Amino acid sequence: MRLNGEISHKEEEGEKENGNLEAQKVVVVGYALTSKKKKSFLQPKFEVLARKKGIIFIAIDLNKPLSDQGPFDVVLHKMSGKEWCEVIEDYKQKHPEVTVLDPPDAIQHLHNRQSMLQNVPDLDLSDCHGKVYVPRQMVITKDPSSIPDEVSEAGLKLPLVAKPLLVDGTAKSHEMFLAYDRFSLSKLEPPLVLQEFVNHGGVLFKIYIVGEAIKVVRRFSLPNVSKSELANVGVHSFPRVSSATESADDADLDPGIAELPPQPLLERLARELRSRLGLRLFNIDMIREHGTRDVFYVIDINYFPGYGKMPDYEHIFTDFLLSLVQSKHKKRPET
Ligand SMILES: Nc1ncnc2c1ncn2[C@@H]1O[C@H](COP(=O)(O)OP(=O)(O)OP(=O)(O)O)[C@@H](O)[C@H]1O
Ligand SMILES: O=P(O)(O)O[C@H]1[C@H](O)[C@@H](O)[C@H](OP(=O)(O)O)[C@@H](OP(=O)(O)O)[C@H]1O
Ligand SMILES: [Mg+2]
Ligand SMILES: [Mg+2]
């Protein structure tokens with residue numbers, strides 16, 4: 001916190017003009033984001049609302065020592081590389097008063113498509129009106145010629161989705177293939193995750209988490225693979241279907257496919273993953289097994305996803321940022 005006093009309701013409602021920020025308690029958020037992420041996240045409408053609520057965003061200069069910048073109340077970051085992780089870890093130690101979102105080692109856990117899903121089978125989702133699984137999958141790290149045998153030994157069912165093992169923010173790490181036969185898989189370049197394709201009626205649920213807030217949206221996904229298509233051969237690349245800006249929320253969909261996962265399930269899933277992953281900013285891609293009402297599969301978890309596409313993100317995010325600073329204040333002993 002920079003100045004004295006709580007942000008009053010009047011101020012939260014934006015009744016003070018922008019120029020009058022000195023009179024408010026200002027929350028300073030330093031951010032280290034790629035220019036693409038900055039564009040999608042820091043949209044003008046969001047910055048304006050944030051400013052009205054007493055939040056300002058300052059770009060972190062990666063060429064200068066972090067401790068020489070700010071002072072910040074909150075640091076948001078999505079940058080890759082070992083060097084950056086060390087900068088953040090060092091900063092966290094030297095500035096325990098700053099809320100740094102999120103811990104680099106916890107983010108790192110999502111950079112590998114095997115470790116990202118590891119916690120899901122252990123979650124306690126009893127009495128939540130649904131079951132949540134991870135599709136059966138295996139990791140191939142070397143020698144693509146051995147893939148056909150490894151797939152049969154593991155008993156994986158075709159077709160398989162082949163995904164790059166590591167997610168490093170490059171377009172290549174999102175290049176996906178659908179493989180109909182195990183021999184064609186040896187054309188692909190390890191390291192890979194081979195994951196069983198689950199028919200889900202072409203609709204995916206994107207569950208956005210921002211601290212304690214949850215927002216779920218429908219997105220278009222891959223169509224079901226029919227029985228006759230099981231005779232197909234080859235590996236077919238497919239585009240980044242679900243991250244398109246077009247939402248499936250208004251589409252005329254079969255209600256059995258479009259029905260959102262039950263709220264108690266979403267809440268428990270988010271709560272459990274938040275605590276097991278040690279992250280506050282992520283989203284979960286979940287699909288419903290076609291022909292069922294309550295069998296779901298988590299297929300992807302992303303750190304600091306495209307919040308700019310999340311409905312009402314401006315309010316959800318500004319409320320979250322304010323709550324971080326307010327809860328810190330509550331914890332501080334009275335003087
Ligand atoms: N096991 C699966 N069964 C059915 N469809 C799948 C499966 N895995 C992935 N898909 C489809 O492929 C898409 C891309 O897969 P995934 O979400 O793992 O990739 P990504 O590149 O990490 O996505 P994002 O852009 O969300 O980060 C999914 O959105 C979904 O449409
Ligand atoms: O919000 P969804 O629809 O899930 O898709 C996001 C991806 O999951 C993120 O990985 C993208 O961010 P990065 O390009 O910074 O990884 C993110 O990029 P964006 O922030 O530029 O929109 C999105 O493509
Ligand atoms: Mg995804
Ligand atoms: Mg992903």
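Fair warning: this is a prediction, and the values are worked out from it, not measured in the lab. Numbering of ligands and ligand atoms starts at 1, following listing order. Just so it is clear, the values below take in all heavy atoms, side chains as well, and ignore hydrogens, waters and symmetry mates.
No part of Phe41 comes within 4.0 Å of ligand 2, judged by heavy-atom distances. Residue-level proximity to ligand 2 for Lys39 is absent, since no heavy atom of it falls below 4.0 angstrom.
The heavy atom nearest to atom 12 (O) of ligand 2, considering only Lys309, His174, Lys37, Met79, is found in Lys37.
Residues Lys53 and Thr318 have side chains that bring a donor and an acceptor to within less than 3.5 angstrom of each other. Residues Glu47 and Gln43 bring no donor and acceptor atom of their side chains to less than 3.5 Å of each other. Residues Arg219 and Ser247 have side chains that never bring a donor and an acceptor to within less than 3.5 angstrom of each other.
For atom 19 (P) of ligand 2, the nearest non-hydrogen atom of the protein is Ser40 OG, 3.4 Å. In this structure, the protein non-hydrogen atom closest to atom 1 (O) of ligand 2 is Gly306 N, 2.9 Å. Here the heavy atom of the protein found nearest to atom 5 (O) of ligand 2 is Ser243 CB, 3.6 Å. Counting only heavy atoms of the protein, atom 4 (O) of ligand 2 lies nearest to Lys206 NZ, 2.5 Å. Among protein heavy atoms, atom 14 (O) of ligand 2 sits closest to Lys36 NZ, 2.5 Å.
Other residues, nucleotides and ligands contribute only 12 or fewer heavy atoms inside 6.0 Å of the NZ atom of Lys38.
Not one N/O/S atom of Asp285, from backbone or side chain, sits under 2.8 Å from the Mg ion (ligand 4).
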* Run the side chain to side chain contact (heavy atoms under 4.5 Å, CB included) check on Thr99 and Arg280 step by step: do they pass? -> CA-CA 11 Å; Thr99 305; Arg280 280 178 272 190; 4.1 Å; yes
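Within the structure, the closest approach of Arg240 to ligand 2 falls below 4.0 Å when heavy atoms are considered. Within the structure, the closest approach of Arg219 to ligand 2 falls below 4.0 Å when heavy atoms are considered. Tyr303 does not count as a contact of ligand 2, since none of its heavy atoms falls under 4.0 Å from the ligand.
Heavy-atom contacts of Lys78 reach the following atoms of ligand 2: 10 (O), 12 (O), 13 (P), 15 (O), 16 (O) (cutoff under 4.0 Å). Heavy-atom proximity to Tyr208, at under 4.0 Å, picks out these atoms of ligand 2: 1 (O), 2 (P), 3 (O).
Between Tyr307 and ligand 2, a contact under 3.5 Å exists for no N or O pair. The distance criterion of under 3.5 Å between nitrogen or oxygen atoms is not met by Pro305 with respect to ligand 2. The shortest N or O to N or O distance between Asp285 and ligand 2 is not under 3.5 Å.
In this structure, the side chain of Arg288 engages the main chain of Glu259 through a donor-acceptor pair within 3.5 Å. Asn283 contributes no side-chain N or O that, together with a main-chain N or O of Ile207, makes up a donor-acceptor pair within less than 3.5 Å.
When ring centroids are compared, Tyr297 and Tyr133 come within the 6.0 Å threshold. Phe41 and Phe317 have their aromatic ring centers within a separation under 6.0 angstrom.
Using a 30° and 60° split on the angle between ring planes, Phe46 and Phe57 fall in the tilted class, from 30° to 60°. Between Trp84 and His77, the ring-plane angle classifies as tilted under the 30° and 60° cut-offs.
Of all N/O/S atoms in Asp300, OD2 sits nearest the Mg ion (ligand 3).
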